[in-house]
Amino acid sequence: MKTKTVYICSSCGYKSPKWAGKCTSCGEWNTFEEREEIKGAKGSLGAKANGKTPSYQPISRLSEVQIMGDERFFTGISEFDRVMGGGIVRDSVTIITSPPGGGKSTLSLMVASQLAKGGKRVLYASGEESDSQIKSRAERILEKVEENIWILADTSMDRGLEAILEVDADFVILDSIQTFALAEYYPSRAGNPTQTMECASALVQIAKNKARPRAVFMIGQMNKNDEIAGLRALEHLVDTVLVLEGDGAEELRSLTATKNRFGSTGEMGFFAMTEKGLTSIDNPSEFFVTKRKKEDAVSGSAITVLREGSRAVVAEIESLVSNSFTPYPSRISETMKKDTLNTLISVLEQRGGIKLYDKNVVVKTTGGLYLKEQAANLAVLMSIVSGVKDVALPSDWAFIADVGLTGELKKIPAMEGRIRELDRMGFTKAFVAAEGAKKVKLDNLEVVECKNLTHLMEKIFPHGKK
């Protein structure tokens, strides 16, 4: 069989017929590696030409395909099952990533424990930690180390595939995919795009086996751009991509499905990081709001409702306004974009008549929830106004609207669900954009529609501006 020499970029996977100092695809220098390739050989045909026996999946009529009855594994970790779309599909491949120390290994071990408790056979293969390190973490975060969990501390993907068959695992965890390598692709080292893709492909093949399906959970390292390290093709290969976000020093962690073939993309679950691992926050609306009695209301606080995945979450926004003694007052917020904050302050000055040119403004959310939605903009402004006027807004009022550059209040989507969540939580009044809410039967909540920022401020502060 004829072969030819090709050169593959170890950074992006680009293939070139000749060596070059700089990759024309990604721009990296000295990344081309020489390979021998069989002419005309692709996929399984290449394996056959090399003397290996290819593994083919049988073809079927779509109308005759049998859907598996026991389709999902339920972990009992409510926020995790929510994000996954109701549990783990038993022939699925999932990859989870987070910044270092984000809790992805902790969450994976918790999921493994719950599945093992339910009788599933679990293989935890780690190329980063020894078996004793994993055991130490398990004893710290788990009530009991289950008998149905097997550990493999090795970086050989070949040994990992053997171990899957040896254990006959129902659920496989690989920590992390960038630390494993197949002997067939040496001298490419672990973490090389070729090794990562080939290891992942081998896991997809073993997961999708019709005769013996298995669920695979891959942990992926995150690069400095907050993306999964390696080729983006890795994300296309798997069924579900989970991103676990949260500062290592903070308690809050959020788990988001950026891709899910078996559930809603964008679904989000919340966890609190404790000494015993991650704990589901089953009622986030209580977690992200400070509990106060009516008589204990404070200035600089306003309530809104955000849409996180498929559910509405009540959140508290706090603002601190102080005198500035420098030519350029500070605008600080770790929970929203600085440009967005500056724009809202400009609107408040021009359309609301609140002068902030000599004021420092600091904005944050209770619990550290990041403000991605424009639905929070009105509440941000009202928290600032409350701080400037030193007037406490009632703790059972909420503000849900975007604010345009004209000062007009803008409608936002999924309003009915937000209003119902406020009503469920016992709030008494919600301020929204004109025609921004449909008629919904409510028990406690009064919905007040306002055209613009001036109209709203006249309703709340009838005695004029400070």
Side-chain angles (χ1 to χ4, degrees), residues 12-13 67-68 71-75 77-100 102-108 110-112 115 171-178 180 191 193-209 213-246 253-271 278 280 284 306-311 313 369-370 372-373 413-414:
C12 68
I67 299 176
M68 300 176 183
E71 191 178 3
R72 291 183 184 267
F73 300 151
F74 298 98
T75 67
I77 304 173
S78 58
E79 291 297 282
F80 177 81
D81 286 339
R82 167 192 285 275
V83 174
M84 292 296 292
I88 304 171
V89 176
R90 67 173 180 172
D91 62 346
S92 65
V93 181
T94 300
I95 186 166
I96 180 172
T97 187
S98 77
K104 51 187 179 293
S105 297
T106 297
L107 179 59
S108 301
M110 291 171 61
V111 170
L115 292 178
F171 183 63
V172 180
I173 297 174
L174 216 69
D175 184 6
S176 66
I177 184 64
Q178 285 87 1
F180 284 82
T194 300
Q195 283 285 12
T196 301
M197 288 300 298
E198 293 300 334
C199 289
S201 296
L203 289 170
V204 170
Q205 186 174 4
I206 203 167
K208 304 294 182 181
N209 188 300
R214 310 172 198 272
V216 174
F217 209 75
M218 295 187 290
I219 295 175
Q221 298 171 356
M222 182 175 280
N223 61 24
K224 60 183 179 180
N225 295 322
D226 293 338
E227 298 175 344
I228 300 175
L231 299 176
R232 293 302 300 268
L234 182 62
E235 297 180 44
H236 297 285
L237 190 65
V238 301
D239 299 306
T240 307
V241 178
L242 304 179
V243 179
L244 187 62
E245 298 175 304
R253 299 289 190 276
S254 61
L255 182 68
T256 308
T258 60
K259 173 186 177 181
N260 193 347
R261 289 175 178 156
F262 310 110
S264 300
T265 299
E267 190 64 80
M268 181 177 284
F270 296 102
F271 298 85
L278 293 168
S280 288
L306 304 175
R307 193 75 178 174
E308 300 292 352
S310 62
R311 65 181 167 187
V313 176
L369 186 64
Y370 194 81
K372 296 176 287 189
E373 272 198 301

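Between Pro284 and Val313, the shortest heavy-atom distance links the atoms CB-CG1, 3.9 Å. The two residues Glu267 and Gly309 make their nearest non-hydrogen contact at OE2-CA, 3.6 Å. The nearest pair of heavy atoms linking Leu234 to Met197 is N-SD, 3.6 Å. Between Cys199 and Ile177 the shortest heavy-atom distance is CB-CD1, 3.8 Å. Scanning all heavy atoms of the two residues, the minimum distance from Gln221 to Ser176 falls at NE2-OG, 3.1 Å. Shown here for Leu244 and Gly103, the closest heavy-atom pair between the two residues is CD2-C, 3.5 Å.
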Exercise for review: Would you check, one step at a time, whether the test side-chain contact (heavy atoms from CB on, under 4.5 Å) holds for Ile77 with Val111?
Suggested key: CA-CA 8 Å; Ile77 304 173; Val111 170; 4.1 Å; yes
Exercise for review: Could you go through the side-chain contact (heavy atoms from CB on, under 4.5 Å) check for Ser108 and Asp175 one step at a time?
Suggested key: CA-CA 9 Å; Ser108 301; Asp175 184 6; over 6 Å; no
**Study point:** side-chain contact (heavy atoms from CB on, under 4.5 Å) assessment of Met218 paired with Val93
**Key:** CA-CA 8 Å; Met218 295 187 290; Val93 181; 3.7 Å; yes
Check your understanding: Going through the distances and angles, do Ile88 and Phe262 end up as a side-chain contact (heavy atoms from CB on, under 4.5 Å)?
Key -> CA-CA 9 Å; Ile88 304 171; Phe262 310 110; over 6 Å; no
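When only modelled atom types and interatomic distance are considered, Thr196 and Gln178 share no side-chain donor-acceptor pair under 3.5 Å. Counting only N and O atoms by type, the side chains of Asn260 and Thr240 include a donor and acceptor under 3.5 Å apart.
The structure places CG of Leu278 at 5.5 Å from CG of Leu107, a figure rounded to the nearest 0.5 Å. Taking CG of Leu369 as the reference point, atom CE of Met268 lies at 7.5 Å (rounded to 0.5 Å). Rounding to the nearest 0.5 angstrom, the gap separating the CZ atom in Phe80 from the CD1 atom in Ile96 is 7.0 Å. With rounding to the nearest 0.5 angstrom, the CZ atom of Arg253 is 8.0 Å from the OG atom of Ser98. Atom-to-atom distance recorded for Phe270:CZ and Glu308:CD is 4.5 Å, nearest 0.5 angstrom. A distance of 7.0 Å separates CZ of Phe271 from OG of Ser78, quoted to the nearest 0.5 Å.
By the side chain to side chain donor-acceptor pair (under 3.5 Å) test, Thr256 is found to be paired with no residue, residues two or more places apart in sequence or in another chain being considered. Arg311 pairs by the salt bridge (Lys or Arg N to Asp or Glu O under 4.0 Å) definition with Glu79, not counting sequence neighbours. Every residue was checked against the salt bridge (Lys or Arg N to Asp or Glu O under 4.0 Å) condition with Asp81, not counting sequence neighbours, and none meets it.
For Arg90 (side chain) and Phe73 (main-chain N/O), no donor-acceptor pair under 3.5 Å exists by modelled atom type. Using modelled atom types, one side-chain atom of Lys259 and one backbone atom of His236 make a donor-acceptor pair closer than 3.5 Å. Using a distance-only test at 3.5 Å, with no hydrogens or angles considered, no donor-acceptor pair links the side chain of Arg82 to the main chain of Gly85. Lys208 places a side-chain N or O within donor-acceptor distance of the main-chain N or O of Asp91, the cut-off being under 3.5 Å.
Counting heavy atoms from C-beta on, the side chains of Asp239 and Val89 never come closer than 4.5 Å. Residues Thr75 and Leu115 have side chains in contact (heavy-atom distance under 4.5 Å, counting atoms from C-beta outward). At least one side-chain heavy atom of Met222 sits under 4.5 Å from a side-chain heavy atom of Val243.
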